[in-house]
Amino acid sequence: MIDASTAGIESVSALSPHQRWMDEIDNAEKETKGFRMRARNVVKRFLDERDTISAGNKWFNLFYANTNIMESALYAQLPKPSVTRRFKDYQDDVARVAALIIQRSIVQDLDDPRDTFDATMRSCVQDRLVPGLAQAWLRLETDTEDLTDIPPQPGMETESLDDSLEDLDEMEGAGEPLKKVIDQRVCVDYVFWEDFLMSPCRVWEERRWVGRRVYMDRDELIKRFGEEKGKRIPLDYSPTHSGQSAPGSTPQHQAIKKACIYELWERATRRVFWVSKGMDTILDEQDDPLQLVGFEPCPRPMLANISTSNVTPRPDYFMVQDQYTELDTVNNRIAMLVQACKVVGVYDQSATGISRMLTEGFDNQLIPVDNWAAFAEKGGVKGAIDWLPLEVVTAALIQLNDARERIKGQIYELTGISDIVRGATKASETLGAQEIKSKFASIAIKKRQDEVARFAADILRIKAEIMINHFDPDILLTKSNILGTGEENAKFVPQAMQMLQTEEGFEWRIQITAESIAQADYAMEKADRIEMLTAVSGYIGKTLPMVAQFPNSATLMVSLLKWAVAGFRNAGEVEGILDQELDKLQTEAMKPKPPPPPSPEQQKVQADIQIAQQKAQLDAQGRQQELQIKEREAAIELHMKQMELQFKIKELELKERELMMEMKFAEAEAARNERTAVMTQQMELESEAQRHAQERQFSAENHKASMAQKAEASSKEAK
């Protein structure tokens, strides 16, 4: 009968999203259950945690020492990001400046005191060597502040500023004030080896989803998922009951309760889900928040001892566990024999001087014997005491020490740690023997070093991609300080920023790697630089005569030199300067050569020719000056005649103006006289009219007076 829990999900649509992810998580945890048990035991062995039964054993914890040695060999210092053009096209200055922007931004981000890349890498390297699984997680952090006002910009009109302030007031009224980005950074989080999950698969490329456990307290839950969901999520994380680690390996006494949240990234749908086992619904889901080419915000994990049948790792300790167990057994026996290896024996109780000789005896002091004759007859000291035979014990110790050294040699051979890496050499060994051992050690651990370098490079690449996709361009330019590197780089910045915004530009023209992860070998680095300088100077010294003789070969010689320099390690720092100087050298070589100096006979002929040319030139200049003088005299004479003609014309114009003025004056006088006569006639007519009017008025008044008198006379008569 098939167990329903292992039968699998036939149809995703038949289940709710929450139930589907609960089944996915349960199956992933069941798949890695055996690995987690083995890894916990390895962690206990690494930390030398013992139970009551094995507490008294004398173990030889070579696993701890070897792990520390391997940690130093695999990761000894903060890696140096190396961002270069994918193709060494020395004329592709846009890609060169784009790579420089990314590299300087990453370096600036790594130098941030809040950055945890170095600590994460060291923890991951230890996880790779001890439990066998190491993973990191990247996320974007943005610092903002509320934008309360909009400062006026040069050229901004008052109306547009008022409109912006009105929009700002509307947004503040809606509860969403404007935010100003003041800083951005990409954080690299360490993922505890038991907190990383992925779908069961045979190889990493077949994974369907990856995820991690995140532990959040109540305030963090409310801030992330809102007040309604944040208050309902149970704080179900308990180190003592979670079964996620062995007792004593992780902190067991937490003052603040937390919830275990699963963050799951599904590759097929490019969606992210947040779920909790204590809830019956999905807490949150988003569509591809980071827009990464590889989708997941984590590199391919470092997995120990995997095959193409299952991606579940197996700790390195289990590959050599028989030798480590045998070493502990031998060392425990050695400790017991050393404890038993001591000076003890029995003596004749009647010989009291024997006991005093061991308990009270001092240097140069004699112990008296009561009956010397009887003491001597018994054989003296040899006849009165018998010691425990240590020859058997010491012989066993010698054999056990030899066995321990042989077992250690087997472990070194299996783990790839030679004695030169451990710092142990023999004085009789030659330099060649030590170099052979060093090369063997490098070959033995190179695979792991390449894996750590790949892991770091993947982290840096994801960091760079998040910066390009989500950083404000001004912040990116400020972090890189690319504008302060010179005009030869600043003029390509707009094109480089535009190229980085395209997937083709970042994926096809830029390459990101991590260098200098292992412990620095300053002698080797110095030798590499000297080798480069020697090769470049020797090449230039040999090719300059050829270029001087055949200028057309300058392009070929310069291209070959750039191709050769690109192959040297750490040449990227000077590649841009070298390109610029070689271009100048090529331009100078292509210029035409000056002619060779003439011979004395040629110089004499040239001098005679120059004298004749100068004399002819002087004669020509004299004739030209005479012609110029005559031309000037003729011009002056013509100018005088023109002035006389203009004077006569002016005189005629003046006379014409006088006549015109006289005519206008006469016309004005006549008009004035005519107006005077008209006005006089009008005044006379007006006076005559006034006189007639006065006469008529006087007559009318007289008529009225006479009529009044007549009326008065008539009235009197009537009375």
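No hydrogens, no waters, no symmetry mates; every other heavy atom, side chains included, goes into these values. Just so it is clear, the structure is predicted and the values come from calculations on it, not from any experiment.
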Would you find a donor on one side and an acceptor on the other, under 3.5 Å apart, between the side chain of [X] and the backbone of [Y]?
X: N305; Y: R314; value: yes
X: S480; Y: R104; value: no
X: E220; Y: D217; value: yes
X: E465; Y: V293; value: yes
X: H18; Y: S276; value: yes
X: R224; Y: M216; value: no
X: Q184; Y: V181; value: no

### Message
Show, in sequence, the C-alpha distance, side-chain angles and deciding distance for L290 and I462, and conclude whether the side-chain contact (heavy atoms from CB on, under 4.5 Å) test is met.
### Response
CA-CA 10 Å; L290 295 180; I462 296 174; over 6 Å; no

Do you know which two heavy atoms are closest between [X] and [Y], and how far apart they sit?
X: M302; Y: C124; result: CE-O, 3.7 Å
X: V210; Y: R207; result: CG1-CD, 3.9 Å
X: L235; Y: A259; result: CD2-N, 3.8 Å
X: L500; Y: I102; result: CD2-CD1, 3.5 Å
X: P315; Y: P131; result: CG-O, 3.1 Å
X: A28; Y: M198; result: CB-O, 3.5 Å

### Message
Quick check on side chain to side chain donor-acceptor pair (under 3.5 Å): which of K229, K223, K231 does E227 satisfy it with?
### Response
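One option only clears the test, and that one is K231.
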
### Query
Are E228 and R232 close enough for a salt bridge, meaning some N to O gap below 4.0 Å?
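Counted as a salt bridge, because a side-chain N and a carboxylate O are separated by less than 4.0 Å.
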
### Message
Between D450 and R454, does any NZ, NE, NH1 or NH2 come within less than 4.0 Å of an OD or OE carboxylate oxygen?
### Response
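Salt bridge flag = no for D450 with R454.
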
### Message
For Q498, is the CD atom crowded, meaning more than 12 foreign heavy atoms sit under 6.0 Å from it?
### Response
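For Q498, atom CD is not crowded (no more than 12 foreign heavy atoms under 6.0 Å).
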
Between [X] and [Y], do the side chains contain an N or O donor and an N or O acceptor separated by less than 3.5 Å?
X: N310; Y: E31; result: yes
X: D23; Y: Q19; result: yes
X: D118; Y: Y75; result: yes
X: Q126; Y: S123; result: no
X: N41; Y: Y317; result: no
X: W209; Y: E24; result: yes

Within a strict 4.5 Å, meaning less than it, do heavy atoms of the [X] and [Y] side chains meet?
X: D195; Y: V214; value: no
X: I459; Y: L138; value: yes
X: K277; Y: Y262; value: yes

### Query
Hey, mind stepping through K479 and D109 against side-chain contact (heavy atoms from CB on, under 4.5 Å) and telling me if it holds?
CA-CA 8 Å; K479 284 181 175 289; D109 212 38; 3.8 Å; yes

### Query
Would you call the rings of F46 and Y64 parallel, tilted or perpendicular if under 30° counts as parallel and over 60° as perpendicular?
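Geometry flag for Y64 against F46: tilted rings.
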
### Task
Verify whether the ring centers belonging to F273 and W21 lie closer than 6.0 Å.
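Yes; W21 has its ring centre under 6.0 Å from that of F273.
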
### Message
Under 6.0 Å from the ring centre and within 45 degrees of the ring axis: does the NZ or CZ of R139 meet both conditions for the six-membered ring of W137?
### Response
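No cation-pi geometry.
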
